[in-house]
Amino acid sequence: MPSFSLKNVLKSFVEELAYTELDPKAVEEVSSTYVLKLVEEGVALEVAESIFRDLSERISGKKVGRLENKKEIILKEFRRLLEDLFSQAGKIDIWQRTAEAIRQKGYFTIVFLGPNGHGKTTTVAKLANLYKEKGYRVTIAAADTFRAGAIEQAQYWASKIGADFVSLGYDADPAAVAYEAVKRGEKGLSQVVLIDTAGRMHTKKNLMDEMRKIVRVSQPDLKIFVGDALVGNDAVEQAKTFYNEVGFDGSILTKFDADTKGGAALSIVYITRKPIIFVGVGQGIRDLKEFDPEWYLEMLLD
Amino acid sequence: MESFKEGILQVVSKIKSSVLLDTKELDSIIRELQRALLKADVEVKLVLEISERIKKRFLEEEHPPGFSKKDVLIKILYDELVNLLGGETTEELAIKPIPYKIMLVGIEGSGKTTTAGKIANYFKKKGYRVGLVAADTYRPGAYDQLKMLAESVGVMFYGDPQERDAVSLAKKGIETLEKAGAQIIIIDTAGRHKDENSLMEEVKVLYRELKPNSVFLVVDATQGSAVARQARAFREAVPYGYVVVSKMDGSAKGGGALSAVAASNARVLFIGVGEKIDDLEPFVPRKFVARLLGMPDLDAILQRFA
Ligand SMILES: Nc1nc2c(ncn2[C@@H]2O[C@H](COP(=O)(O)OP(=O)(O)OP(=O)(O)O)[C@@H](O)[C@H]2O)c(=O)[nH]1
Ligand SMILES: Nc1nc2c(ncn2[C@@H]2O[C@H](COP(=O)(O)OP(=O)(O)OP(=O)(O)O)[C@@H](O)[C@H]2O)c(=O)[nH]1
Ligand SMILES: [Mg+2]
Ligand SMILES: [Mg+2]
């Protein structure tokens with residue numbers, strides 16, 4: 001897990017504010033320094049600025065009684081701000097959603113989408129493994145029919161995990177692959193259908209169209225954006241565009257084990273107001289952890 | 001970062017204390033430049049260093065007549081950034097001796113395997129006989145991926161999906177391709193990051209045993225300034241001399257990659273601008289900096305200084 005020096009950032013922000021008046025100007029002056037500290041922790045500049053603007057607004061309105069502890073007020077406001085943010089983003093109980101969908105129509109479908117190389121296929125494998133362990137019949141759909149070796153990669157994981165595997169070969173229409181896989185659910189052959197798609201840059205219109213088609217054809221119960229925890233400011237553009245053009249219900253952030261400081265998590269939630277469901281913490285099949293906002297906030301504010 | 005706040009404030013306050021300048025204007029321009037760099041993912045530390053140098057040069061150097069303060073500042077900033085990138089000239093790799101061995105390293109998913117295919121294609125077009133070695137024995141499908149790329153480019157290939165030992169595989173691969181007449185041998189390795197100790201150990205052994213003529217670090221342009229820390233760690237494990245920046249076709253500005261370059265004194269050779277085999281361009285510092293600053297008109301400004 002990352003070393004959360006965000007914690008220290010906030011701590012000293014609070015320390016510093018505690019010795020100033022809580023008027024807007026003082027707050028603003030102090031926050032401008034801390035915005036940059038957040039940026040250093042991997043939060044996008046735009047997001048860091050907004051967060052402190054929000055905080056300043058909240059604090060500035062506060063009347064501080066003579067006996068009240070200013071430090072505590074600020075800390076409480078900051079905690080509340082982030083709590084509001086994460087609660088606005090909501091929570092996805094993926095296991096409950098799965099059970100519910102299976103009860104209703106017999107199967108549960110997830111489509112994974114995101115930029116090139118950010119960890120979709122590996123994440124599909126990790127989730128497939130979790131589902132298998134819970135006793136579900138799982139299908140992995142190789143709807144990345146473009147990238148060299150993509151099908152073999154997905155196939156390797158499927159056979160290792162003991163998941164069913166659907167492929168129509170390279171250059172096939174990815175939507176057709178997704179459709180084939182969903183049919184296995186409809187026929188009662190599979191309970192969980194995980195659709196791996198090709199990585200794509202959000203700037204490529206035709207690829208975003210293709211992604212929409214995959215979604216249209218497969219009618220997934222869940223769309224998950226897979227992002228890379230090492231991404232910096234571009235997290236904003238990536239999340240915004242994928243969200244606006246295709247839409248998704250939540251995110252999984254990979255490579256959390258790669259000496260990042262957790263900043264991208266804040267950026268993505270801030271931008272999309274959608275929850276982070278899991279984080280990837282290694283290349284192995286078990287290296288997936290449920291993301292717990294409370295735990296994350298504890299880390300931030302403790 | 002203790003000096004953090006000091007740094008930013010110093011730039012501002014020193015300029016403020018100078019009587020000869022319109023401090024307010026200078027102030028805001030420097031802030032604007034800092035914001036642009038930060039938004040582009042340049043490491044905070046580096047942003048501060050650059051600001052400091054710009055300020056110093058701006059105050060000490062004589063300004064050419066007929067230019068606005070803003071233009072002079074931008075010109076100085078441009079010079080400083082290009083300096084970090086190793087200068088104006090586009091680097092050409094000298095293929096000597098033959099066979100010439102290139103090893104690609106980098107973080108997981110950064111684009112190594114794809115770049116291996118692109119580089120093979122690039123040198124094949126220049127008339128070299130090229131061979132690719134699949135020395136990623138770790139990631140599922142890595143062998144098939146490189147093999148498919150080798151076939152589509154039409155170059156030699158060596159790999160062994162059963163072999164788990166990357167070092168002996170790569171040695172055998174080099175030997176085999178050399179005998180087959182390859183003039184350039186490109187070795188693809190597994191992705192890894194600085195805290196994966198056994199993988200970092202493996203890449204050291206690869207370097208020691210294979211003795212590549214050059215090592216390329218492949219950096220994903222979408223990644224932020226955290227990449228600089230990774231670049232430093234790689235630098236300690238394998239002294240790479242060149243960087244390839246992949247995924248420049250997205251919206252990322254590449255400041256993380258710039259920070260990685262600054263952290264390692266390496267030179268950028270190519271940028272990747274797409275997923276296809278032809279989507280590789282020689283690196284042009286001027287273009288890169290213009291994009292970094294979000295200033296498409298940079299060229300026009302610089303032209304006037306020429
Ligand atoms: N360290 C670490 N590596 C990861 C993690 N998740 C994925 N990876 C690695 O990142 C690389 C890319 O992962 P993939 O799953 O192939 O990524 P992808 O998004 O499917 O890539 P494309 O399909 O090419 O767009 C692989 O080497 C994975 O092993 C993680 O949580 N931690
Ligand atoms: N858009 C775009 N995609 C790229 C570029 N270079 C590589 N990619 C994509 O990025 C993803 C990862 O590329 P790989 O070549 O598999 O990366 P890698 O570093 O070999 O990954 P590992 O071996 O898992 O560490 C693939 O989907 C590639 O198609 C580029 O310049 N632009
Ligand atoms: Mg994939
Ligand atoms: Mg690879």
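Throughout, a chain's letter reflects where its sequence line sits, starting with A, and its residues are numbered from 1.
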*Test applied, side-chain hydrogen bond (donor to acceptor under 3.5 Å, both in side chains); reference residue, A:Asp259; option that passes from B:His193, B:Lys194, B:Gln230*: B:Lys194

Need one label for [X]: side chain, backbone, both or neither, based on atoms under 4.5 Å from any heavy atom in chain A.
X: B:Tyr138; value: side chain
X: B:Lys112; value: neither
X: B:Ile277; value: neither
X: B:Ile107; value: side chain
X: B:Asp195; value: side chain

Could you state the interatomic distance from [atom1] ([X]) to [atom2] ([Y]), rounded to the nearest 0.5 Å?
X: B:Thr114; Y: A:Arg147; atom1: OG1; atom2: CZ; result: 7.0 Å
X: B:Glu196; Y: A:Gln283; atom1: CD; atom2: CD; result: 5.0 Å
X: B:Leu38; Y: A:Glu46; atom1: CG; atom2: CD; result: 13.0 Å
X: B:Leu37; Y: A:Leu45; atom1: CG; atom2: CG; result: 11.0 Å

*asked:* Set out, in order, the CA-CA distance, both residues' side-chain angles and the distance that settles side chain to side chain contact (heavy atoms under 4.5 Å, CB included) for A:Met201 and B:Lys247, then state yes or no.
replied: CA-CA 8 Å; A:Met201 283 293 152; B:Lys247 309 183 198 175; 3.5 Å; yes

*For B:Ala226 and A:Leu230, which heavy atoms make the closest approach, and how far apart are they?*
CB-CD2, 3.9 Å

*Shortest non-hydrogen separation from B:Leu149 to A:Ala148 and the atoms involved*: CG-CB, 4.0 Å

*Picking from A:Thr203, A:Thr122, A:Thr241, which has the most non-hydrogen pairs under 4.5 angstrom with chain B?*
A:Thr203

*So which of A:His202, A:Gln238, A:Gln155 has the largest heavy-atom pair count under 4.5 angstrom toward chain B?*
A:His202

*Distance-only side-chain donor-acceptor flag, A:Asp228 / B:Gln223, under 3.5 Å*: yes

*Would you please say whether a donor-acceptor pair under 3.5 Å links the side chains of A:Asp234 and B:Ser251?*
yes

*asked:* One thing to verify: whether A:Lys204 and B:Glu275 come together as a salt bridge, which I'm taking to mean a side-chain N less than 4.0 angstrom from a carboxylate O.
replied: no

Report, as yes or no, whether the 6.0 Å neighbourhood of atom [atom1] on [X] holds more than 12 heavy atoms from other residues, nucleotides or ligands.
X: A:Arg212; atom1: CZ; answer: yes
X: A:Lys132; atom1: NZ; answer: yes
X: B:Glu151; atom1: CD; answer: yes

*Which answer fits A:Ala258, side chain, backbone, both or neither, if we ask what part of it has an atom under 4.5 Å from a heavy atom of chain B?*
both

_Which one wins on heavy-atom pair count under 4.5 Å against chain A: B:Arg139, B:Lys253, B:Lys147?_
B:Arg139

_For the interface with chain A, which of B:Gly224, B:Ser225, B:Gly274 has the highest count of heavy-atom pairs at distances below 4.5 Å?_
B:Gly224

*Report the C-alpha distance between A:Thr254 and B:Glu108 in whole Å, list the side-chain angles of each, state the deciding distance to 0.1 Å, and finish with yes or no for side chain to side chain contact (heavy atoms under 4.5 Å, CB included).*
CA-CA 10 Å; A:Thr254 66; B:Glu108 290 95 340; over 6 Å; no

